[in-house]
Amino acid sequence: MIQKYRFGKPFETDAVVVKQPDAAVFGPDSTPAVPYFTVKKVDANAQTDLSVGRFGPSAAKPVKDAWQFTLDLRKGDIVYGLGEAQRGINKRGWLYISDNVDDNTHTETKYNLYGAHNFLIVDREDGQGNFGIFLDDPGIVRFDVGYTDMNKLIITASGLDFDLYFFSGRSESGKPYAITREFRGIIGHSYIPPKWGFGYGQSRYGYENEADIRAVWAGHRDNGIPLDAIYLDIDYMVGYKDFTVDTKAFPDLPALSAELKADGVRLVPIIDAGIKVLEGDALAQEGIDNGYFCLKEDGTPFTAAVWPGNSYFTDYLNPAARKWFGSQYKFLLDQGIEGFWNDMNEPSIFFTNDTLRRGVEMASSIGIKDYYEIDDWHKLMGSAFGTMAASQYYQQFYHMVDGEKILHEKVHNLYGYNMTRAAGEAFEELAPDKRILMFSRSSYIGMHRYGGIWTGDNCAWWAHLQQEVKQMPGLNMVGLLFTGSDTGGFGQNTTEDLLLRWIEFSIFTPLFRNHDSKGPRCQETYLFTDKKAFANMIGIRYVLLPYLYSEYVKAARNDDMYFKPLSFVYDSDPIAKEIEDQLMVGESIMVAPVVTQNATGRNVYLPEDMRMIRFRSGEDYDSEELKAGWHYVRCDLAEVLVFLRKGRLLPTAAAAESVSRLDEEHLRVYAYGDGSYTLYQDDGFSKDFDNPAHRKAITVKDGAVSADDVEVTLR
Ligand code: MIG
């Protein structure tokens, strides 16, 4: 059952597409009553909660006049959700703030990352009275899940205007999985990328020109390492200006793109949110003339420093501006480009003219000197340059929506979502018959209809590999199925073993991209010693693709999850509820990646008897049946373990160097007993996902396998 409560006059976020009736409407002076929670109005000065108090972590942004919802938690209650948020699959024991930010140090004591995903589930220890809650509030929201008080869940809205939804689960009332499905049923189907988007991609902030791209291409092909995409970071542009190509570095992008494509490799350029302020520039002028940019209080365009230098920020909440920005992607589509990644769309802001001026004034007030003493530091950094933190800027500009001026901070978390929506809506017109690869850094619930996300600037830390495993189910709960992290780590220096182990997990994430920053050592796989190991490991991704692609498309069309926590499947198993480093991938398999250095194996919990398949490559594998319970299993570097459920099938193909070379007419099906499976196969580009011809039945009966339209052998 779904119950929706309206508070005040919410901004329409378009997160929900299946509109729900209001169970009640609460004005600012009412005494609201909602299920499960007690409600009160908070104000910063009277506040004692650690999460919102004047001396709490969010002290810079005191909460004034906001509705707050409090619930007592019992010891064994579990809280699932919050999408991209850091920490565990079980979110208990921390404070999470929905306040999208560009922060490249994801330590576990951070409160916010790039996305705002205000959906969570309370799974009671006795299974009674479970529910899901979605706070559709695009402002800054706090989820205090046992931070102020270990036994309380305290949710503080951004103010008095938002929609609040409760879900008790459609069929199997109260089960977290059923609750998730019910929620997913009202936010629309997830985005499906072109099939090549499931191939392996290589990226580095630092590829500067055609020669760099050719070297990456050759590095893979010369070593038999599969490759479907090479990413272009901001250096392909002229002065970081969106929708330009530096023709000195890339003299003939259409030709390069066509040459690569003939070999199954696509170029995927980055698009940044900020548009360069430049006299006489057609794009900037068009934006100004039509009022497409966010404005300052005085009605002139707001500008701030990002990569291009002084930049405008497109008002993506204005449908006309969205359409205009989206139409610009045509410039690259026309050059043979079929995929993009949207960056800096929190939006990231380095500083503004005002902050700069204040800093200089501050420096002048203490007297401009040739050099500064250590004792000048507090004056210089403390009050002027040192406060150049992005978030204060969110109170300095406005959106114009339906003639109404709206302070950015009130709708802050919608920015990246609507940049990606601009692209997604444009692709429907510019390339109606073709899927375009699209993923974003910043997001809000609803963006899953237009693209995926990557998890941003992680580091080459084992802890971040562990973190990524835990982020996946939360993202899937809110419909963001096309997800993955920077494999190998973006910041810091990776090592060969970390990269191999990371690949061991990323083989299963729909987005599978090795991405690295400018400073750290290079981490293209072919630069390491055991090139064969990388070729085999990445090859296993292609081996598994018939299954992974089928599971992805089915999950997207059925509003289902591709990654699930074990407890969503084995919901009465108390051990399964505590497993945070194993996941269910689709209907047939469980994965248990090795995520610690120098380990030669790990403990794995099997909620039921399973068949463990150990892949060294598509051809080289062994397998054994394991009973339910705990097992220590060996897993060398460059091996991948897959745990196949009883009565389920795992269709695989022979390894290939690109998705375009995959032979899907001949499949090898792993089985554990008899079972049946629905394979999804299409051309990888068109959008007729529900065409029944794409769904092919595979059956294993009495140890013999058969299938519609595909040749299958049993393994
Ligand atoms: O301020 O474009 O998260 O993937 O390589 C850094 C350069 C801007 C941040 C992205 C990262 C990308 C980088 N960008």
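All residue numbers in this chain count up from 1 along the given sequence. First listed ligand is number 1; within each ligand, the first listed atom is number 1. As the structure is a computational prediction, the values presented were derived from the model and not from experiment.
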Where does the angle between the aromatic ring planes of [X] and [Y] fall among parallel (under 30°), tilted (30 to 60°) and perpendicular (over 60°)?
X: Phe340; Y: Phe427; answer: parallel
X: Trp454; Y: Phe439; answer: perpendicular
X: His399; Y: Phe397; answer: tilted
X: Trp461; Y: His464; answer: tilted
X: Tyr552; Y: Phe198; answer: perpendicular

Handout entry: Pocket residues of ligand 1, ordered first by chain and then by residue number (heavy-atom cut-off under 4.0 Å)
Key =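 For ligand 1, the residues that come within the 4.0 Å heavy-atom cutoff are Tyr205, Asp233, Ile234, Ile270, Trp307, Trp341, Asp343, Met344, Arg441, Trp454, Asp457, Phe490, His515.
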
Practice task
Can you see which heavy atom on Glu468 is nearest to which on Phe505, and at what distance?
Solution key: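 In terms of heavy atoms, the two residues are closest at OE1-CD2, 3.4 Å.
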
